[in-house]
Every structure is written in structure tokens, then in C-alpha cells.
Protein chains: 4
Amino acid sequence: MTTQNPTGSTSTSTPSMKRIAVLTSGGDAPGMNAAIRAVVRSATYHGVEVVGVRRGFQGLHEGDMRLLGARDVANIIQRGGTILLTARSRTWRSPEGRALGADYLRQWGVEGLVVIGGDGSFHGAHYLQEEHGIKVIGVPGTIDNDLYGTDHTIGYFTAVETALDAVDKLRDTAASHERIFVVEVMGRHAGHIALDVAVAGGAEEVFLPEDEHPDQHIAEVVRSSVSKGKASSIIIVAEGYPGGGMAVTKAIEEQTGLEVRLSILGHIQRGGSPVSSDRVLASRLGEAAVEALLAGRSNVMVGRGYGGTTYTPLPETWEKRKDVSRDLYRCAKVLSI
Amino acid sequence: MTTQNPTGSTSTSTPSMKRIAVLTSGGDAPGMNAAIRAVVRSATYHGVEVVGVRRGFQGLHEGDMRLLGARDVANIIQRGGTILLTARSRTWRSPEGRALGADYLRQWGVEGLVVIGGDGSFHGAHYLQEEHGIKVIGVPGTIDNDLYGTDHTIGYFTAVETALDAVDKLRDTAASHERIFVVEVMGRHAGHIALDVAVAGGAEEVFLPEDEHPDQHIAEVVRSSVSKGKASSIIIVAEGYPGGGMAVTKAIEEQTGLEVRLSILGHIQRGGSPVSSDRVLASRLGEAAVEALLAGRSNVMVGRGYGGTTYTPLPETWEKRKDVSRDLYRCAKVLSI
Amino acid sequence: MTTQNPTGSTSTSTPSMKRIAVLTSGGDAPGMNAAIRAVVRSATYHGVEVVGVRRGFQGLHEGDMRLLGARDVANIIQRGGTILLTARSRTWRSPEGRALGADYLRQWGVEGLVVIGGDGSFHGAHYLQEEHGIKVIGVPGTIDNDLYGTDHTIGYFTAVETALDAVDKLRDTAASHERIFVVEVMGRHAGHIALDVAVAGGAEEVFLPEDEHPDQHIAEVVRSSVSKGKASSIIIVAEGYPGGGMAVTKAIEEQTGLEVRLSILGHIQRGGSPVSSDRVLASRLGEAAVEALLAGRSNVMVGRGYGGTTYTPLPETWEKRKDVSRDLYRCAKVLSI
Amino acid sequence: MTTQNPTGSTSTSTPSMKRIAVLTSGGDAPGMNAAIRAVVRSATYHGVEVVGVRRGFQGLHEGDMRLLGARDVANIIQRGGTILLTARSRTWRSPEGRALGADYLRQWGVEGLVVIGGDGSFHGAHYLQEEHGIKVIGVPGTIDNDLYGTDHTIGYFTAVETALDAVDKLRDTAASHERIFVVEVMGRHAGHIALDVAVAGGAEEVFLPEDEHPDQHIAEVVRSSVSKGKASSIIIVAEGYPGGGMAVTKAIEEQTGLEVRLSILGHIQRGGSPVSSDRVLASRLGEAAVEALLAGRSNVMVGRGYGGTTYTPLPETWEKRKDVSRDLYRCAKVLSI
């Protein structure tokens with residue numbers, strides 16, 4: 001496309017930074033590659049060089065980094081996982097590790113860092129800025145959609161789609177055998193994935209960590225569902241619900257004597273080619289992160305809300321809680337009548 | 001789920017209507033079945049009966065209708081197309097037809113009508129209300145996302161996903177043969193599908209009906225793309241762009257001498273099992289339509305905007321234009337550097 | 001298509017039977033609906049009526065049956081599960097049950113029965129013929145591909161595809177986190193699914209029930225894999241392998257100290273829209289079953305082998321063992337170098 | 001896996017060749033990467049080096065080649081297209097080009113060449129052996145399945161699956177609008193893809209290049225289909241049928257006055273991640289090609305037939321015709337009753 005700068009200023013104008021870095025950290029999420037591509041392409045567009053850090057903070061603290069050009073991120077937008085690799089390492093917790101990381105960034109002449117990940121990763125970024133004055137921008141990359149400050153996180157849409165595809169398949173068997181299936185989906189301490197999957201999958205019931213009465217009478221719930229003349233049932237349980245899918249399965253079997261099949265979807269929800277919504281979100285946020293750095297912002301997460309870009313102080317992203325949509329929860333109950 | 005009314009009021013309270021009707025009209029869109037299910041289930045929940053009208057306005061004008069119960073819409077949320085069938089018939093244009101339709105609705109004791117479709121369908125609904133005082137609510141059901149008053153329309157997300165899947169497949173061949181592919185996607189007079197597919201597909205160029213300079217130098221555009229060191233190119237063209245994909249293909253071949261492959265995706269974009277976003281949207285809007293009718297509203301389209309339900313007078317949905325996202329368009333150009 | 005009989009004889013010639021029945025039994029498998037459709041359409045083509053028995057032998061012993069016409073099986077070829085429902089009920093084991101079933105078949109004037117299922121179902125069919133002289137034909141419908149007498153069973157190709165899709169997704173995470181994943185796939189006492197998934201998924205190792213040395217040094221195997229310079233590993237385990245995926249996971253962790261993720265795919269492997277190979281196989285075998293009955297055959301399973309239709313006495317299908325492909329097993333080991 | 005040679009001989013025994021080459025040529029097909037991986041891994045296993053030639057014969061004649069190790073082909077088994085790139089270049093037709101290619105192979109010390117492609121590619125391989133005594137083995141890689149000497153070709157299963165997925169989507173719209181859809185699928189001069197898609201898609205009619213009476217009364221065919229009480233129709237036409245889908249569409253519209261939608265699927269049928277059957281076939285044949293070279297074979301295509309590996313002299317692969325399955329064609333007509 002034409003490289004004339006749509007913003008008016010020309011892309012040859014001297015940018016406020018010469019070189020930035022990008023890393024992916026925490027659990028991998030579909031769309032992380034699309035975000036990396038957007039960071040590299042946007043920076044290149046503005047005449048800024050990009051250093052790719054491998055294996056998240058672990059790699060940062062070990063100086064495992066290399067320059068990334070516009071062509072290095074070609075043909076990755078559709079790939080699951082992250083070409084920069086990631087790690088759940090806790091090295092971001094160690095001041096020594098962060099000091100080493102800060103040194104490497106200075107050695108490489110990096111003036112700003114884009115961290116793609118979840119709240120653990122944002123903690124690390126926050127400390128880097130606090131202790132070493134490195135400008136940091138967070139990009140929400142997690143399937144759990146549990147970060148305050150953005151409508152959705154990168155990877156969430158794909159995880160929901162993958163879980164939904166599994167529910168559709170299980171319904172074939174549930175309907176053919178007139179059986180009850182309990183499906184445990186991911187989401188950490190939040191029920192966002194579970195709720196969307198329950199509504200989209202036409203589930204008979206859903207159990208969320210956000211439930212006000214987790215001690216509700218499960219058996220009664222099931223009986224009411226059976227009493228509705230439904231031959232089969234699909235029940236969605238968020239992994240964060242007390243006891244998870246196993247607890248719900250046991251409770252139903254004990255209280256109704258019915259045979260219940262439990263399916264724990266697990267890690268397949270993290271993989272796969274990202275769906276369009278995640279690729280578009282990642283492209284938008286990757287670009288927004290670079291422009292935020294060039295505009296002098298720091299220690300904020302870029303997100304989307306009310307149809308525009310949002311900027312949330314990193315600490316708020318984990319201190320404030322993003323509740324599930326209460327009206328969607330209500331909708332789920334009404335439509336399962 | 002428990003049928004106790006989450007809103008507090010009990011579902012046994014006498015509703016303001018005893019019976020409503022629902023129809024799907026215009027081009028079919030993935031998620032229409034999820035919307036029909038939501039209308040029937042929500043009405044049933046509120047103690048209201050639902051009449052399903054077959055083949056859109058054509059069926060309405062012929063009295064082709066039957067009662068639909070909660071179980072009649074079981075296991076359809078994941079199905080493409082519409083169990084009520086649809087028609088592009090122009091009978092909604094004839095006053096006589098509408099008079100006949102109004103008579104049938106009265107005979108069936110129908111007090112409100114939910115119309116799932118696009119602007120043509122909303123015209124028909126509008127006239128029914130104007131001429132015969134029948135309460136009507138529109139639900140945006142079209143893959144084109146070209147209705148003012150809602151962020152997205154039912155079917156849009158699935159159409160984008162289907163087109164994107166095709167683009168991913170074509171890129172395999174484009175990359176292996178170092179070729180240029182022009183892909184024409186649907187969207188009628190709007191470029192919403194084309195723009196999302198271009199960004200998510202990492203396309204080198206996109207041509208929209210909303211382009212300000214459709215006469216731009218295509219060859220120059222292509223040369224610039226080639227000059228970027230890209231061996232292959234994917235160019236997305238909206239069917240509403242002057243001349244469509246064929247015009248762009250010819251222009252590139254004439255001005256560059258390069259061989260270009262044109263792929264017109266066509267009707268596959270209308271079918272398939274709806275993705276989660278379309279199922280959730282359809283479930284929300286189907287429920288909102290019933291509640292709007294019970295609340296006494298009429299002649300409005302229910303939609304989603306700013307994270308909540310929106311109500312737009314039907315005429316505004318086709319009189320006002322919903323522009324494509326200009327910042328996403330800018331993003332597309334920056335990332336294709 | 002033209003209803004002129006391709007075999008030469010005209011479809012108006014009096015068939016050797018006036019009415020047959022069909023049922024699906026045991027675990028559901030993708031493609032069972034395509035087989036039901038083929039049985040009904042082929043019979044109709046030959047002027048024979050078809051009775052559909054619901055819920056397998058349980059329904060047969062309760063007389064739960066109805067007539068099925070050519071249009072009743074329209075639009076089901078692409079659906080997972082079985083419209084006739086199925087049951088794992090053991091009623092086929094009871095002589096009394098079989099006597100009741102035989103009575104119902106006589107009352108309905110049924111002269112032949114097509115049983116779509118696995119070896120348990122074929123036992124039931126076998127006894128019906130032995131004790132009550134009812135002509136029976138078996139159609140291999142199981143995802144496990146564990147029936148002697150046919151290259152493949154209906155549902156097998158789809159189950160492999162579903163498991164492979166999961167493995168592809170897990171590899172994204174395995175590669176991004178440089179982790180080891182153990183994936184347990186279905187297949188009952190056979191390793192057919194596991195072997196195909198291992199080869200197609202590029203797995204580093206596969207454990208089958210057919211392994212000659214299940215006590216092989218797992219850790220050594222893993223070390224050798226690590227020594228190959230592979231950062232991540234995907235290990236496929238058939239559910240029929242002693243101890244299943246859990247045993248392999250524990251052994252690896254204990255002997256290497258490495259963290260291993262276990263993923264048990266479970267019932268999603270039974271569902272979903274059948275892939276083309278299963279639909280074509282089901283269409284061929286459904287037609288072959290009807291023609292076998294009309295040709296006077298009984299107590300045999302129709303299958304495919306050496307590019308043609310095969311007929312195997314029902315007892316042989318469970319008495320003889322179908323081994324996994326030894327050369328494919330060898331190929332898997334060579335390619336994982 | 002253990003690198004101990006399953007065949008008994010040890011992998012350290014001196015192989016009959018020290019270095020071989022591999023190239024992909026002609027139209028790309030899903031599974032070509034799996035075949036390249038199998039060639040490289042099998043050769044490595046036997047202690048033989050592999051040279052990868054880029055862009056088919058064009059690259060060979062320009063000396064565009066590099067060494068490929070076992071790790072260079074990691075993580076490509078699931079990718080569409082070909083990492084070696086391909087070209088439809090006709091340079092294989094020029095003796096001068098072949099002479100140059102032979103020189104490059106000698107310079108690189110290559111003793112045998114594996115050519116993955118269709119009949120055009122096999123012609124080039126054949127001449128290389130005839131004119132320059134280079135040992136060549138052909139691996140059938142084309143979506144058309146039009147090569148004599150193997151039950152299936154690499155890419156065929158995926159192409160059928162992709163076309164079938166499109167047909168399933170179109171049926172949603174066809175059923176919802178009670179419309180007739182004509183779908184043109186690929187296959188060059190053969191109807192293999194069209195026939196499988198017609199049976200698996202439950203099409204009402206199929207037109208193949210192999211039809212004995214292409215002048216049959218289309219309208220009558222359609223009327224008969226309509227007379228069967230079918231509201232909608234899906235008609236599959238092979239691109240090799242005289243006039244293709246356009247001819248059939250026009251004929252139906254002229255003779256029946258009905259509105260018909262034509263959908264030409266095109267190049268999407270070449271792309272996408274290969275399905276399991278193509279990956280397994282490619283893995284088997286890639287290994288078989290290397291072993292054939294090491295066993296001293298040359299100028300043959302390796303394939304699969306009757307459950308084993310087949311070897312067909314290259315000229316026979318294009319001189320002899322592989323007919324479509326006549327009994328499947330008959331089955332298609334019976335099931336569309």
C-alpha cells in the first residue's frame with residue numbers, strides 16, 4: 001500500500017525514538033503473532049527499529065534478543081502460538097533479573113518496551129518502569145479476557161470458538177445417546193469464556209466463578225432441565241468454579257443417579273489459527289502500542305472500548321475486576337428455558 | 001436453567017401481548033436460526049406464543065405460518081440458513097400484499113411482528129406499521145453489516161471468517177507460486193467485510209466502495225507492493241467497488257504485464273455454522289426484540305452499541321450511512337508496509 | 001438424477017423383499033446418518049420400504065420404530081450423531097429381549113435388518129439370525145476401526161481428523177513454551193487412530209496397545225528425542241495402552257524430572273460433521289447392505305477392501321484381529337528422527 | 001523415537017548414495033510439505049544428504065538449491081503450499097534447460113532426484129533420466145488424482161474436503177431460498193473430485209468429463225429432480241466437463257426458466273492445511289521414494305494400491321488413463337433418488 005503517512009506527518013520525519021523492543025510473556029494466546037507483526041510493521045512505518053526478545057522476561061534477563069524487520073514478520077498473522085516464544089518463568093519477580101534485563105535493553109539502545117501478555121507480564125513491565133525508568137506499554141494477550149481496561153483480550157475470541165466447536169461435537173453424541181455432558185472450559189478465575197460458550201452452544205446450564213450462590217441445588221437445576229423435556233443436556237463449567245467440572249459432575253451423579261460424562265477441554269483452547277476478531281484486535285493494539293510509545297506514554301495498557309482505543313494504567317489492569325456481562329448471564333438463563 | 005425470572009418479576013405475570021410472529025427475509029445469514037430460537041424462547045419465557053412465518057413477506061402475504069414452541073427451536077442454534085426459509089421476493093412492495101399479510105396476522109391473533117433481515121425487509125415492516133398499525137421490531141440479519149444503528153449485524157462475523165479462511169488458503173498458493181491474487185468478497189455497497197478480511201488476512205491492498213480515489217494508480221500501488229520485496233500479493237476487493245474484482249484484475253494486468261488470478265468467493269460467504277460472535281449477538285437481539293415489543297416499542301431496530309442495546313427508528317437504518325472504520329483503514333495501510 | 005436403473009433391471013421389477021429395517025447401535029460415529037440415508041434411498045430405489053428403529057436394540061426390543069421415506073433422510077448426510085439415536089444398552093444380550101424384538105419385526109412385516117455399529121451390535125444381529133431366522137447385514141460404524149473384514153469403519157476418518165486438529169493446536173503451545181505434551185486419543189483396544197494421528201501430526205513418539213514392549217524405557221525414548229535437538233515434543237498414546245496417557249505422563253516426569261502436560265481428548269472425537277471419506281464410505285456401504293439383503297445374503301458385514309465390496313461372516317468380525325499397519329508404524333519411527 | 005533401524009540393518013551402514021535432491025513442480029497441492037519432510041527425514045535416517053531445489057525445474061535449471069537437514073523440515077507437515085516453492089514453468093521442455101539442470105546436480109554431487117508433482121513434472125524427470133542418466137523417482141503430488149498407478153494422489157483428499165465444505169455452506173442458502181446451485185470444482189480433465197464431492201455432498205446431479213452422453217437432456221434431469229419433491233438442488237460440475245459450470249447453468253436456465261446460481265470454487269481447493277489422509281499418504285510416499293532410490297530403482301512413480309506400495313514406469317502414469325469409479329458413479333445416481 002502507499003507508504004504516505006495517513007496521519008499527515010510524513011514517515012520520514014524523525015521519530016521520538018530510534019529503537020524499541022517487544023516480547024510475549026505468560027500463557028500463549030492465538031493472535032500474539034499478529035500483535036508482534038503489527039508492532040514491527042508500525043514501528044518500521046515510523047522509521048523505528050524493533051528488537052524481538054525471545055522467551056519473555058526469562059529471555060530478557062538473559063539478553064536473548066535480535067532485530068526484527070518488516071519481512072521477518074511476513075506470513076505469521078495466521079499462525080497460532082508466538083514466534084518469539086514465551087515462558088511462565090517467574091524471573092520478572094526478581095529485582096536482580098530485572099536489573100540484568102534493563103542493562104541488556106540499554107546495551108541494545110532500546111528506549112521503549114512493548115509487553116504482550118496478561119497481568120503477571122504487566123507486573124514485570126510495571127517494575128521495569130518503576131525501578132529502571134524504561135518506558136513500557138502493555139498489550140492484552142490472554143485467552144481469559146480477565147484484564148480490566150479493554151472489552152476483549154487477544155486470543156479470547158479464538159479460545160471461545162475452539163471451545164464452542166468442541167461443544168457442538170459433544171452435542172452430537174449427547175443428543176444421539178440422550179446423555180448429560182459436563183464441559184469444563186478455561187478462563188482462570190473468570191467466567192468470560194464459559195458464559196459465551198454457554199450462550200453460543202445453547203447449553204442447559206452454566207457455572208461461573210462469578211456465581212453468587214455456588215451452593216445452589218445442582219440436582220434441582222438438572223431436574224428442572226429434565227422436566228423441560230430435554231433428552232440431553234450440555235452443562236458448561238468454568239475452570240475457576242469451586243471444584244471445577246469434576247465437582248459439578250459428582251454432585252449431579254450423586255443427587256440424580258444419572259450417568260454424566262465430563263469433558264475437560266484443556267490446552268487445545270490456547271492454540272490454533274486466530275479467528276478474524278483476534279487478528280483485527282491484535283493488529284489495532286500492536287499499532288496503538290507503538291504510537292503510544294512514540295507519543296511519550298508509558299506504564300499503560302492499550303485496549304479497545306466504546307469503539308476506540310483505551311489507555312489504562314498497568315496497576316489498574318490487575319487491581320480492578322472486569323465482571324462478566326450480567327445481562328448476557330440473564331439471557332443465558334432465559335434462552336435455556 | 002431455573003425458570004424463575006431473573007429480573008425479579010415472575011414469568012407468570014400477565015404479559016402485554018398474548019401472541020407475536022417472527023419471520024426471516026432477504027438474503028439468508030448465519031445466525032438467523034439463533035435469532036429465531038431467541039425470539040421463541042424469550043417469548044415462551046414471558047408466557048407469549050410465537051407464530052413462525054415461512055418464506056418471509058411472501059409467506060406472510062400467503063398466510064404460510066405455524067405455531068413454534070420452545071422445543072421446536074432446539075438444536076438449531078448452530079445451523080446455517082434459516083428454518084423459516086426466506087425469499088428476496090418484492091411482495092413487501094405491494095400494498096395489496098401487505099393488506100393480505102395484515103389480515104392473516106389478525107386472523108392468527110398476532111399483536112406484534114419481529115422481522116429478521118436487512119433494509120429491504122425493514123421497509124416492509126415499516127409499511128406494515130404505517131398502513132396497518134401492526135407493531136414491528138427489526139432485528140439486523142445480514143452478512144453485509146451495512147445497517148446504521150448497530151455495531152454489527154447477525155451473520156457478519158461468520159461471513160468474514162469464511163472469506164478469511166479462503167484468503168488463508170489462497171495465500172498458500174500465492175506464496176508457493178509467487179503470484180498475485182485478487183479476491184472479491186461480498187458486502188453489497190459497503191466495504192465492511194473487505195476491510196476486516198484485508199486486515200485479518202494481511203492483504204497487500206484493499207479496494208472499498210468507500211475509497212475516495214477509486215481512480216488511483218493501481219499499477220503504482222502494485223509496483224510499490226512489489227518494491228517492498230514481497231514475492232506474492234493478496235489484494236482484497238469489495239463487490240461494491242466500481243467494476244469489482246474483474247476491473248482491478250484487468251487494470252493490474254494491463255499496467256504491469258503480470259499474471260493475476262481472480263477469485264470471486266460468492267455465496268459460500270452466506271452459509272456455514274455461525275461463529276460464536278454471531279450466535280451471541282443473535283441471542284441477545286432476539287431476546288431484546290421480544291422485550292421491546294412487550295415494552296410497547298414499535299418501528300425500531302434493536303442493535304448493539306457502546307456495550308448495550310440500541311433502538312433505532314427503522315427509516316434511519318437505511319437513510320443514514322454506516323461508514324467503515326477509518327482508523328482500521330489507516331491501520332490496514334500501515335501494516336501492509 | 002435419472003431414476004433409470006443403472007444395473008439394467010428396472011427399478012419397477014418386483015424386489016425379493018417388501019420391507020426392511022435399519023438401526024444404529026453402540027457408540028455413535030460420524031457418518032451413521034449418511035449410512036442411514038444410503039440404506040433408505042437404496043431401498044426406495046429398489047421399491048423396498050424401510051422401517052427406522054430408534055435407540056438401537058433397546059428400541060427394537062420395545063418396538064420403537066417408524067417408516068422412513070426418501071425425503072425423511074434429506075439434509076442429514078452432513079450431520080454428526082444419528083437421527084435414529086443409539087444406546088449402549090446390553091439388551092441385545094437377553095434372549096427375552098431378542099424374542100420381543102423379533103416379534104415386533106414380524107408385526108411390522110420386516111424381512112431383513114441392517115445393523116450399523118460395532119462388534120457388540122453385530123453380536124446382537126448374529127443372535128437374531130441364529131434364534132429367529134431374521135436376515136441381518138452388518139455395516140461397520142465405529143470410530144475405532146477395530147473390525148476385521150474392512151479397510152476402514154465409518155467414523156474413523158473423522159475421528160482421526162478431529163484428534164489431529166487438536167494435536168495441531170497443542171503443538172502451537174508446545175512449540176511456544178518448549179514443552180512436552182502427552183495426548184491420549186480414543187480407539188478402544190486398538191491403536192489405529194493413535195498411529196494415524198502420530199504420523200499425520202508429526203508426533204515424536206506413539207504408544208499403542210499393539211506395542212510389543214510396553215515396558216520399553218520411556219525416559220530413554222524421551223532423552224533420545226530431546227537429544228535430537230527438538231525443543232518440544234508431542235507424544236500420542238492410545239487409550240488402550242496399559243495405563244493410558246496418565247501412565248506415560250507419570251513415567252516421563254518421574255524419570256526425567258521434566259514437566260509434562262497431559263491432554264485427554266475424549267468424546268469430541270465421536271462428534272462433528274463427517275469428513276468426505278466417511279460420507280463416501282457410508283454411502284457405499286449403506287447401498288451395499290441393501291443389495292446384499294436383496295441378493296439373499298445374511299449374517300455378514302459389508303465392508304471395503306482391495307477397492308471393492310467385501311462380505312465377512314459376522315462372527316469373524318470380532319473373532320479375528322485387525323492389526324495396525326506395521327509399515328506405517330515403522331514409517332512413524334523413521335520420520336520422527 | 002529410537003533411531004535403531006526397524007528393518008534390522010543399522011542406519012550407520014553405508015548407503016548406496018551419498019546425496020539426493022528433491023523438488024516440487026507444477027500446481028501446488030496440500031501435503032507437498034509433508035512429502036518433502038518425509039524425503040528429508042528418511043534420507044537423513046539412512047545417512048543420505050538432501051539438496052532442496054527451489055521453484056521446480058525452473059530453479060533446477062538455474063541452480064537454485066540448498067542443503068536441507070532434518071530440523072529444516074520441522075513444523076511443516078501441517079502447512080499448505082510448498083516451502084520449496086513451485087512453478088508451472090515449461091523449462092522442463094527445453095533440452096538446454098535440462099542439460100543445465102543435470103550439470104548443477106553433478107556439481108552438487110547429487111546421485112538421485114525425487115520429483116513431487118503431476119504428469120508435466122514427470123515428463124521432465126523422465127527426460128532427465130533418458131538424456132543424462134540421472135536416477136529419478138516420481139511422487140504423485142496433485143489435487144486432481146489423475147495419475148495412473150496410484151489409488152490417490154497427495155492433495156486430493158484435502159481438495160475434496162475444501163470443495164465439500166463449500167457445498168455444505170451453499171446448501172444452507174440453497175435450502176433457505178429453495179434455489180438451484182451449480183458448483184464447478186477442479187480436477188483438470190478428470191472427474192474424481194467432482195464425483196466424491198457429489199456423493200459426499202448429497203448432490204442432486206453431477207456432470208463429469210467421463211460422462212458418456214454429455215448431450216443428455218439437462219432440463220429433463222432437473223425436472224426429474226424437481227419432480228422428486230426437492231425444493232432445492234445442488235449440481236456438481238467438473239471443470240473438465242464440456243463448457244464447465246457455465247454451460248450447465250445456461251442450459252438449465254434456458255430450458256427451465258428457473259434462476260440458477262453458479263459458484264466456481266477455484267484456487268481455494270489448492271490450499272489449506274492438509275487433512276490426515278494426505279499427510280499420511282505423503283509421509284508413506286516420501287519414505288518410499290527414498291528407499292526406491294537407495295534400492296537402485298529409477299524412472300518410476302511410487303504410489304499406493306491394494307494396501308501396499310506400487311511402482312509405475314513414469315511414462316505409464318500419463319499414457320494410461322485412470323477412470324473414475326463406475327460403481328461410485330452408479331451409487332451417486334441411486335442415492336439422489
Side-chain angles (χ1 to χ4, degrees), chain A residues 1-3 6-7 34 37-38 41-42 44-45 70-71 74-75 77-78 151 157 160-161 164 168 171 175 196-197 199-202 204-206 220-221 224-225 228-230 273-277 279-280 283-284 286-287 305-309 325 327-337, chain B residues 1-3 6-7 34 37-38 41-42 44-45 70-71 74-75 77-78 151 157 160-161 164 168 171 175 196-197 199-202 204-206 216 220-221 224-225 228-230 273-277 279-280 283-284 286-287 305-307 309 325 327-337:
Chain A
M1 297 178 172
T2 59
T3 55
T7 59
R37 171 181 177 269
R41 292 272 175 100
S42 303
T44 304
Y45 175 84
R71 294 285 75 73
N75 249 319
I77 194 171
Q78 77 281 16
D151 288 349
F157 294 101
V160 168
E161 208 58 42
L164 179 59
D168 284 348
R171 189 171 288 285
D196 264 14
V197 170
V199 172
E204 277 64 35
E205 185 58 84
V206 58
E220 176 192 306
V221 161
S224 81
S225 145
K228 292 171 199 164
K230 296 189 177 186
S273 180
V275 298
S276 60
S277 299
R279 298 191 203 180
V280 171
S283 299
R284 281 177 177 282
E287 183 197 23
Y306 297 101
T309 304
S325 164
D327 63 325
L328 185 58
Y329 190 48
R330 198 181 63 76
C331 182
K333 293 193 172 299
V334 169
L335 299 192
S336 67
I337 189 171
Chain B
M1 296 178 173
T2 59
T3 54
T7 59
R37 171 181 177 270
R41 293 272 174 101
S42 303
T44 304
Y45 174 84
R71 293 285 76 72
N75 250 317
I77 195 172
Q78 77 280 17
D151 288 348
F157 294 101
V160 168
E161 209 57 43
L164 178 60
D168 284 348
R171 189 171 288 284
D196 265 14
V197 170
V199 172
E204 277 63 36
E205 184 58 83
V206 58
Q216 64 188 277
E220 175 191 307
V221 162
S224 82
S225 145
K228 291 172 198 163
K230 296 190 178 187
S273 180
V275 298
S276 60
S277 299
R279 297 191 203 182
V280 170
S283 299
R284 280 178 177 281
E287 183 197 24
Y306 297 101
T309 304
S325 164
D327 65 325
L328 185 59
Y329 190 47
R330 197 179 64 77
C331 182
K333 292 192 172 299
V334 170
L335 300 192
S336 66
I337 191 171

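Lettering of chains follows the sequences in order, A, B, ..., and the numbering in each one begins at 1.
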By a 4.5 Å heavy-atom criterion (distance strictly below it), what part of [X] contacts chain A: side chain, backbone, both, or neither?
X: B:Asp168; value: side chain
X: B:Ala34; value: neither
X: B:Asn75; value: side chain
X: B:Arg284; value: both

Please find the pair of heavy atoms, one from [X] and one from [Y], that lie closest to each other, and give the distance.
X: B:Ala200; Y: A:Arg279; result: O-NH1, 2.9 Å
X: A:Cys331; Y: B:Ser283; result: SG-O, 3.7 Å
X: B:Ile77; Y: A:Gly202; result: CD1-N, 4.1 Å
X: B:Ile337; Y: A:Tyr45; result: CD1-CA, 3.3 Å

So, taking the atom named CZ in A:Arg171 and the one named CD in B:Gln78, what distance separates them when rounded to the nearest 0.5 Å?
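Nearest 0.5 Å value for the CZ-CD distance: 7.0 Å.
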Distance check, rounded to the nearest 0.5 Å: B:Arg41 atom CZ versus A:Leu335 atom CG?
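B:Arg41 atom CZ to A:Leu335 atom CG measures 7.5 Å (nearest 0.5 Å).
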Greatest number of heavy atom pairs closer than 4.5 Å to chain A - which of [options]:
options: B:Ala70, B:Pro274, B:Ala38, B:Ala74; answer: B:Ala38
options: B:Val275, B:Val160, B:Thr44; answer: B:Val275
options: B:Asp151, B:Leu328, B:Asp196; answer: B:Leu328

Report the C-alpha separation of A:Glu287 and B:Arg330 in whole Å, then their side-chain angles, then the decisive distance to 0.1 Å, and conclude whether the side-chain contact (heavy atoms from CB on, under 4.5 Å) test is met.
CA-CA 10 Å; A:Glu287 183 197 23; B:Arg330 197 179 64 77; 3.2 Å; yes
Check whether A:Thr309 gets within reach of chain B through its side chain, its backbone, both or neither, counting any heavy atom under 4.5 Å.
neither
